[in-house]
Amino acid sequence: MSTFQAPKGTYDLLPPRSASFLAVREAISAPLRNSGYGYVETPGFENVELFSRGVGESTDIVSKEMYTLTTKGGDELALRPEGTASVLRAALQGNLHKLGGLPVKLWYSGSYYRYERAQKGRYRHFSQVGAEAIGAEDPALDAELIILADQAYRSLGLRNFRILLNSLGDKECRPVYREALQDFLRGLDLDEDTVRRAEINPLRVLDDKRDDVQKQLVGAPMLRDYLCDACKAYHEEVRALITAAGVAFEDDEKLVRGLDYYTRTTFEFVHDGLGSQSAVGGGGRYDGLSEMIGGPALPSVGWALGVDRTVLALEAEGVTLDIPAATSVFAVALGEEARRVLFATVTELRRAGVAADFSFGGKGLKGAMKDANRSGARFTVVAGERDLAEGVVQLKDMESGEQTPVAVADVVETVRAKLA
Ligand code: ATP
Ligand code: MG
């Protein structure tokens with residue numbers, strides 16, 4: 001009989017590798033929690049219109065990648081393909097922008113779904129940790145987010161990543177540029193799809209990965225030359241603040257990113273060890289999004305970092321995370337009486353906050369010691385009938401190999417003292 005497999009483009013997180021995912025989520029969120037960002041959790045699905053309006057009809061995400069469904073009640077829903085639109089919707093619905101001061105700073109962690117061509121680093125179910133700072137136009141906020149992402153990656157030990165930075169202008173200057181770019185693109189020899197894209201979302205053509213397209217783009221008008229004075233000054237301030245923080249970045253005037261809602265600051269974190277799925281995270285300012293989904297004007301900025309690709313990047317760099325062993329003490333009981341005594345000891349250890357595990361399944365000494373080794377425990381507590389007759393257990397230090405008898409009643413205190 002065949003067994004079930006995880007659906008195409010998905011994979012399971014299993015121990016021991018799953019520990020890296022938890023550690024990455026923890027490391028990315030730690031600087032945020034330390035910087036005034038509050039935790040937000042939203043449903044795994046939303047009304048499809050939130051994304052078609054918020055992310056944009058012309059984007060790959062909405063036009064090709066969204067998992068949509070009609071409920072039995074007739075609602076049109078989509079599995080969330082990204083976090084920003086949902087988080088902003090939740091902030092508006094919860095009136096967070098009216099209750100406290102602005103900006104509202106939020107962070108999240110969760111699963112996202114996109115119907116993509118599955119390959120290494122590109123999955124149909126993946127996980128992100130993200131941050132949004134809602135309701136303030138302040139270059140220090142853009143800088144803060146970039147600096148915190150840099151801090152998160154560095155705290156993981158990641159080194160070979162680069163920060164690409166650009167400004168997409170605003171509603172004053174971008175339309176002028178858009179027309180100039182469209183004029184230029186109309187003179188090129190492009191395939192039908194790309195011609196269509198040039199009409200709907202010409203900036204995305206700059207992002208085309210194909211060589212023959214990139215060759216033709218030499219000499220295209222650059223947004224940098226069209227930025228209005230306000231956008232220019234804003235961008236200069238962001239750059240200055242990041243530079244002052246000692247965070248290196250590269251100006252990338254072709255960086256446009258796949259979502260329609262970005263304005264001004266846009267950035268991407270790329271890693272050079274990941275092949276074509278090089279973006280480990282990205283974000284930017286989205287001053288118009290709130291109004292696009294029916295809210296008041298709330299200029300905002302945010303990012304989302306991909307957990308899956310961050311783990312791949314760590315593996316590519318050969319970074320092993322310092323993940324402490326899950327178990328400190330492993331109990332090996334030989335015989336029925338010892339089982340009862342040591343099971344009680346394990347329970348006591350756990351209640352005292354010591355990570356402890358037990359040799360289940362009635363194994364002999366050899367098999368049970370194998371389990372003890374595999375657990376990574378620093379100490380093993382072994383007891384057989386003869387030990388119990390003397391009122392002791394054998395406490396073995398798995399590092400030194402040293403073994404000492406300890407009175408049953410003193411095990412918890414002795415172990416705690418040795419671990420401290
Ligand atoms: P790409 O250009 O690689 O498709 P994107 O611009 O669509 O990326 P974003 O929407 O900005 O990605 O999402 C932020 C991060 O989430 C990405 O940098 C990446 O690390 C991760 N991510 C996005 N899509 C996927 C996916 N299908 N599988 C795994 N991770 C993903
Ligand atoms: Mg994508």
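The shown structure was predicted, so the numbers you read here are calculated from the model rather than taken from an experiment. Counting convention: from 1, in listed order, for ligands and their atoms alike. Note that these values count all heavy atoms, side chains included, but never hydrogens, waters or copies made by symmetry.
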> Nearest to atom 21 (C) of ligand 1 by heavy atom, G306, G130, G9: which?
Replying inline: G306

> Taking N or O atoms only and a 3.5 Å limit, does I61 qualify as a polar contact for ligand 1?
Replying inline: no

>> Quick check on contacts: which atoms of ligand 1 are under 4.0 angstrom from a heavy atom of G121?
In response: 28 (N), 29 (C), 30 (N)

> Any non-hydrogen atom of R309 lying under 4.0 Å from ligand 1?
Replying inline: yes

> Do the rings of F269 and F161 sit parallel, tilted or perpendicular, given the 30° and 60° boundaries?
Replying inline: tilted

> Taking the six-membered ring where the residue is Trp, are the ring centres of H125 and Y113 under 6.0 Å apart?
Replying inline: yes

> Can you check whether Y123 and Y11 have ring centres sitting under 6.0 Å from each other?
Replying inline: yes

>> How about CZ on R351, more than 12 heavy atoms from neighbouring residues, nucleotides or ligands closer than 6.0 Å, or not?
In response: no

> Taking the minimum heavy-atom distance to atom 26 (C) of ligand 1, which of Y112, Y113, F126 ranks first?
Replying inline: F126

>> Does the structure place the NZ or CZ of R124 under 6.0 Å from the centre of the six-membered ring of Y115, at an angle of no more than 45° from the ring's axis?
In response: yes

>> Pairs of nitrogen or oxygen atoms closer than 3.5 Å, one from A279 and one from ligand 1: do any exist?
In response: yes

>> Below the 3.5 angstrom mark, is there an N/O of R122, backbone or side chain, next to an N/O of ligand 1?
In response: yes

> Any idea which part of D308 is under 4.0 Å from ligand 1, heavy-atom wise: side chain, backbone, both or neither?
Replying inline: neither

> Short list, please: which atoms of ligand 1 are under 4.0 Å from a heavy atom of A304?
Replying inline: 14 (C), 15 (C)

>> Using a 3.5 Å distance criterion without hydrogens, assess whether the side chain of D191 forms a donor-acceptor pair with backbone atoms of T194.
In response: yes

>> Only heavy atoms of Q128, strictly under 4.0 Å: list the atoms of ligand 1 that pass.
In response: 13 (O), 14 (C), 15 (C), 16 (O)

> Does ligand 1 have any atom sitting under 4.0 Å from a heavy atom of R114?
Replying inline: yes

> Which of the numbered atoms in ligand 1 are below 4.0 angstrom from a heavy atom of Y123?
Replying inline: 26 (C), 27 (N), 28 (N), 29 (C)

> What do you reckon, are the aromatic ring centroids of F358 and F343 less than 6.0 Å apart?
Replying inline: yes

> More than 12 foreign heavy atoms under 6.0 Å from OH of Y67: is that the case here?
Replying inline: yes

